[in-house]
Q: 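Take this structure, written in structure tokens, and hold onto it; I'll ask about it next.
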Amino acid sequence: MRAIDLTVEICGMSGDGTIAAGALLNAAMAKTGLSVMAFDTYPAEIRGFGRCVTRSRIGDESMVALADRTQVLISLDDEQSRSRIPFLEPDATVFLDSRPPALVAEGQSLAAHVEPENSLIGVPFGDLSSQVAGSKRSKNIVALGAFAGAFGVPPEAFREVITVKFRSKGGKVVDVNVQCFDAGYRYVHENHPDRVTGLLSPKEGAGTGDRQLLSGSVAISRGALDAGVKRYFGYPITPATPIMEYLARALPERGGAVVQMEDEISSIGAVLGSFYAGTRAMTATSGPGFALMTELITHGVMAEIPAVIVNAQRGGPSTGLPTKTEQSDLQAAVFGGPGDSARIVLAPTDVCECYRYTAGSFRLAEKYQTPVIVLTDFFLNNRVETVTLAPAAEQEIADGNVYPDESKKGGYRRYEITESGISPRSVPGQEGFTYSATGLEHAETGLPDYTPENHMSMSEKRQRKIAGALRDLPAPEEFGDDGPLDVGVVAWGSTFGSALEAVLRARAEGMKAGTLKIVTLFPYHADRIRSFMARCRRVLIPELNMDGQLANLVGHLNSEEVIRLNRVTGVPLSPREIYEKIRELGG
Amino acid sequence: MKTPGRILAEKVAGAGASGRFSVRSGNLPIWCPGCGYYGIHQGINDAIRRLGLPHHEVVTVSGIGCAGRYPFFADTYGLHTVHGRALPVSTGVKLANPKLTVFAVGGDGDGLAIGGGHLPHICRRDVNVNYILFDNSIYGLTKGQPSPSSPTGFRTKTSPAGTTEAPLNPTLMVLSYGATFVARLFAGDPEGITAALVEGIGHEGFSFFHVYSSCVTFDKEFKTWANLNRRIHPVPRDLDRGDRKAAIGHVLDDDFSMGVIYRA
Amino acid sequence: MVRAMAERHFVVIGNGPAGNRAARTLREKAPGDRVTVVSKARQSCYSPHRLPDFIAGRITEEKVLVCPYEAYRDERIKLRCSQEAVSVDLERGQVVLGHKEVVPYDGLIIAVGGRPFVPERLAPFGDVVLTLKTLEDAKAWIERLEQVDSVLLVGGDLTSFSVARALIHLGKKVHFLLDGDAFWPLRADDELLATVADSLSGMGVDVISDGELKGIAALAGGGYEVQVGDWTVQPGMIGAFCGLVPDVGFLARSGLRIDRGILVDEYLNTGFPGVFATGDCAQIYHPELRDYWVSVGYENALALGRTAALNLPCGEEREMAEPESVFEVKGVSLDTSWWKGF
Ligand SMILES: Cc1cc2nc3c(=O)[nH]c(=O)nc-3n(C[C@H](O)[C@H](O)[C@H](O)COP(=O)(O)OP(=O)(O)OC[C@H]3O[C@@H](n4cnc5c(N)ncnc54)[C@H](O)[C@@H]3O)c2cc1C
Ligand SMILES: Cc1ncc(C[n+]2csc(CCOP(=O)(O)OP(=O)(O)O)c2C)c(N)n1
Ligand code: SF4
Ligand SMILES: [Mg+2]
């Protein structure tokens, strides 16, 4: 049982410093040793106007999903914050500016809209900021002070992160902001002593806050760096751009390079070229860019060239919903492109897995001479979590290439048919092993060959190779118990966390529920999935897409029709929705 | 409370209420305040008005980007396509119904990077489409990465050490591709845009309008209003607008002259 | 004032027994109109008179909260908790709230009750002396009582007796410094004081009736040393019960006539159309006495709240505020019908 499980939202208009305040809150809470999972939404449009909301779940144990409801709302703009009221827990605490610059008409204050059960804490954010900083700009920092004061967060934690944030702007800016924080903190103690709780004050034996606060995008980048990636080729697209931004700084420091290409076709092209020449490379994109890449991805399949491609999904189809989360590229990732073009597709479910499976994908790509797709989504890329990254294991990132034996010099057959389907691959520079890789169907030598027998045996070889990769790929994990289950939830990607939380809740209430996490989407562990499904009375597959794409992929492994829970609301599936479905099915 | 966002919202609403944009749709542009695109918007609207084109016989085809949002803000038929594909789609529209006045609009990333491969071919085909390239030399919508028309050494989050690539010169490119009407314009001069458009729309064949614009939010370095205002000047009066060689020669020498440069 | 067609907005300031009853009556009588209750209290309507039992541990917090939030929602009464009225503009018909929101009204009932009165003599010791009016106050009492064995009560108002009884119930030693000044709005005479002292002693309270508070000193190990006349007592904590004063400071510049409370006629009207005052904060004209009287007490507050609400919506039906038994003590008339404590 968690002693602390608090979801805090900050909501304002762009320009209010909402996102910055959220980042400071997350960093400070991590400093005090608590766990954080946070996800922001900001205006989808061009910088300008719109609502910004940061949502941080803070707990004394690490968590797997965002919470359904919010316990604390900090309003930096009452009009914007009104939209958040439906998400509030009945007894939520609401911080608002108690001294707006001018009188407002009835209904324009958030106070007119909160439920009477809410605990309202009025703090003159703007006035205090003006007094201390000479402008209202630091009202977001005042608000953080008020929050810290009311919930017993040690002020040092905030002072430290404020100092780090403003350091580059000079000592004066740091001082003023620390003072603004203190002013908010003091104000609550002096004017709302009855609201001061120690809920978030550090507990005996709490962690020291040595964990890192990482987003999925940064974890992916770190994974690639630790695997020794040397080249990044990409084209900006939300939500994958932060990976390119991170690597643009980090890669050159390690002797690598980031090249912004003219589009996604050229990006994947350059990645294939790089791997062909023996250098680890990657690209990251989202649906529209991924669609453009498919032809060359199948070229990688046919010519047996490694590649690592991150597809951070967003709402689709077409340009879709660039800033909303969705899981609707599963089929494109697994099947997209012409021909029988099996490739490896991995879908991490949390920030740690983003790191681990990105790092591991390079060796897999090399060993199986195939494009590997790391399928994430907007939510997973953009959310931050407190994590402790175990450095990638040596055997997971080691050189996966199988080079031809020197003895084969002279008679080298690049696409030699082997039992495993893996044919040793030479790399330009290796003397005596020249060959031409081609997207045409080819014979063992690499020369075009369209004969029926050849196309058949080459297709079998490629299929065998990918099927054989299964033993190297993360197996499905079961949560629950070994016995018969009333409801088994099969989930993938960022939805898995919500599924797990829902299942834990259902189990706590005595329901026989369990869940299966599927990371490897292709090839897939049919036996493991089938045996899990076989002990479930009902199988539920929740996903953020309309088609039921995982259900389409693995549903046939169940003896009955699987039950689908499909949502495309642009926001993560909430644990509650899955939980309610489990209840409905279990009863 | 007067947050920057609120001030902006008011400004936009004010601009709308002023009635300056007569061809404007009910949707207010979502561009940042100060963005050059407002000027281009005005220039196009005035051209449509001056020519008396019925709005329902105008189709605006765009790609993706801040510029690509254009069709939503015009009371014409619009076709907001995918990133980089405005030109082939506009070709389809024009060939389907030649009576329509067709605009293709989009940013420099849209038209020169991902869609760059289409540019030579619409010139070759000389399709009667009016292509307005909103060139701010940056990727605005994706929050500020270098584009093919960014200068060498351009610093952004994806090019922290500055770009190493040389910029493309779109005006020069279309001249060499054989475009039959070429103008270079400035977002800060809506009247100049209107004048060139009025002429170019009347031109039978592909018309290219290369509009220099400023991304006030993400570019603090290169195409800023101050830099552009300081450097732009009219195309010399004595340039022979019918001489492609002369036009190419002029464009090679001068990056900042504004006006009609070539007409076949 | 009376607008027939359009939806009217009735605002009630205060969510004590009087305000709550007023709002519910308004809803009953004016089903098509909007009713808003503005309350500076954090919680829903609670009944101050149950606080002593709450302190004694005899009832739970839910029992103190006499009107669940759901009831407001069910009755479509907009309840604004933790929001304080800071001024009333009678001319424009607006209430201004602390966070600068301007709430227009078509009818207004002021039911702000009272706040504990701390006499000047006690003011210097203000921060060590607890009072009791709100639920938060009661929680502070409970917290402190966990650590102390004895309590000194100063004053002797209408509420102190139930508090003394609660403390005795908890097994605390109670010293009572009976103070003639403390009977606001009464001035107690010797006879009254003697009766009270008897009654308290009968409960097991140590009554100090002839001393003057000279000084309070905090002791190192917690608790206080209190000098009363020639006596010294060492209570763990100190409480002041010197009556309630109408909480009407925010109306000082409103134009309303205020004496011991907001002056209203026998129909609880302030003299301004559509503006009424009721409950503990009102000082009410009695046509037979030809004088004003004040109300204290839960039942009275309920009845008065209802009366104000009946008179407000149409302004035609006229309901008189009728005290059950008005006493006159030293020039002040007072309904003491509830006061059966001794
Ligand atoms: C400890 C104690 C014991 C008592 N014991 C008894 C008893 O045994 N029997 C009995 O009959 N009576 C008793 N009483 C008295 C009784 O509780 C009161 O007479 C009664 O509550 C008065 O009701 P009211 O609605 O007029 O005012 P209140 O109950 O005082 O309510 C007024 C409300 O208005 C709110 N308010 C004040 N100012 C503002 C503002 N500016 N803006 C918004 N809201 C505001 C306050 O927060 C409060 O909630 C006792 C009182 C106390 C304090
Ligand atoms: C296939 C594809 N790749 C990437 C993107 C992301 N994207 C949207 S707009 C844009 C570039 C915007 O720059 P530009 O074309 O110059 O237009 P501006 O915003 O500057 O007007 C990019 C990369 C996309 N929508 N589709
Ligand atoms: S981001 Fe730049 S190009 Fe886009 S609207 Fe804003 S200023 Fe204009
Ligand atoms: Mg651009």
Side-chain angles (χ1 to χ4, degrees), chain A residues 12-18 43-52 76-80 97 100-102 104 125-126 136-137 139 232 234-250 252 257-266 288-289 291-292 317-320 322, chain B residues 1-13 28-35 37 63-69 80-85 109-110 112-117 138-148 150 155-161 163-165 168 215-218:
Chain A
M13 187 81 161
S14 35
D16 286 335
T18 312
E45 303 309 346
I46 303 158
R47 205 189 91 166
F49 38 103
R51 177 183 309 140
C52 300
L76 299 179
D77 182 300
D78 282 11
E79 203 180 311
Q80 299 303 326
D97 194 327
V104 297
F125 299 148
K136 294 194 191 299
R137 200 178 311 151
K139 65 179 184 172
Y232 178 95
Y235 189 69
I237 188 164
T238 310
T241 310
I243 298 172
M244 176 155 57
E245 289 174 353
Y246 188 92
L247 292 175
R249 294 198 168 276
V258 167
V259 182
Q260 182 182 309
M261 301 297 283
E262 62 273 26
D263 60 23
E264 291 84 353
I265 301 177
S266 47
L292 288 176
S318 187
T319 313
Chain B
M1 193 166 306
K2 288 272 186 195
T3 61
R6 188 62 49 70
I7 293 168
L8 163 57
E10 279 171 17
K11 269 197 184 162
V12 170
L28 291 177
I30 50 164
W31 298 312
C32 308
C35 175
Y37 294 175
I64 301 294
C66 297
R69 284 299 176 98
H80 183 230
T81 67
V82 300
H83 195 30
R85 313 299 164 201
D110 194 75
L112 304 176
I114 191 164
I138 198 164
Y139 290 9
L141 190 71
T142 47
K143 302 194 188 301
Q145 296 83 20
S147 91
S150 302
R155 279 172 204 274
T156 70
K157 276 191 174 178
T158 56
S159 58
T163 52
T164 53
E165 297 94 333
L168 291 178
C215 172
V216 292
T217 300
F218 295 110

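Each chain gets a letter, A, B and so on, in the order its sequence line appears, and its residues count up from 1. Because only heavy atoms are used, hydrogens play no part in the values below, and waters and symmetry mates are left out as well, while side chains stay in.
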Q: Sequence neighbours excluded and cut-off under 3.5 Å, please list the side-chain donor-acceptor pairs for residues 240-247 of chain A, or say none.
A:
residue	atom	partner	partner atom	Å
A:Thr241	OG1	A:Ile237	N	2.9
A:Thr241	OG1	A:Ile237	O	2.9
A:Tyr246	OH	A:Arg222	NE	2.9

Q: Step through the shown structure and confirm whether more than 12 heavy atoms of other residues, nucleotides or ligands are within 6.0 Å of CZ on A:Arg137.
A: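 Atom CZ in A:Arg137 is not packed in, count stays at 12 or less.
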Q: I need the residue from B:Thr142, B:Thr163, B:Thr81 with the largest number of non-hydrogen atom pairs under 4.5 Å to chain A.
A: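 Answer, by heavy-atom pair count under 4.5 Å with chain A: B:Thr142.
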Q: Do B:Leu112 and A:Glu262 have side chains that approach each other closer than 4.5 Å (heavy atoms only, starting at C-beta)?
A: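 SC-SC contact between B:Leu112 and A:Glu262 ruled out.
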Q: What's the shortest heavy-atom distance between B:Lys157 and A:Ala248, and which atoms?
A: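 Closest pair (atom of B:Lys157, atom of A:Ala248, distance): O-CB, 3.8 Å.
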Q: Which atom pair, heavy atoms only, marks the closest approach of B:Ala113 to A:Tyr235?
A: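 Looks like CB-OH, 3.9 Å.
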Q: What residues form a side-chain hydrogen bond (donor to acceptor under 3.5 Å, both in side chains) with B:Ser159, not counting sequence neighbours?
A: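 Once residues adjacent in sequence are excluded, the partners of B:Ser159 under the side-chain hydrogen bond (donor to acceptor under 3.5 Å, both in side chains) criterion are B:Thr156.
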Q: With a 4.5 Å heavy-atom cut-off, do A:Pro288 and B:His83 have their side chains touching?
A: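 No, too far: nothing below the 4.5 Å cut-off.
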Q: Using modelled atom types only, decide if a donor and an acceptor are shared between the side chain of A:Gln260 and the backbone of B:Gln145 within a distance under 3.5 Å.
A: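 Side chain of A:Gln260 to backbone of B:Gln145: no pair is present.
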Q: If every non-hydrogen atom of B:Ile64 is compared with every non-hydrogen atom of A:Thr319, which pair is closest and at what distance?
A: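 Taking every non-hydrogen atom into account, CD1-OG1, 3.3 Å.
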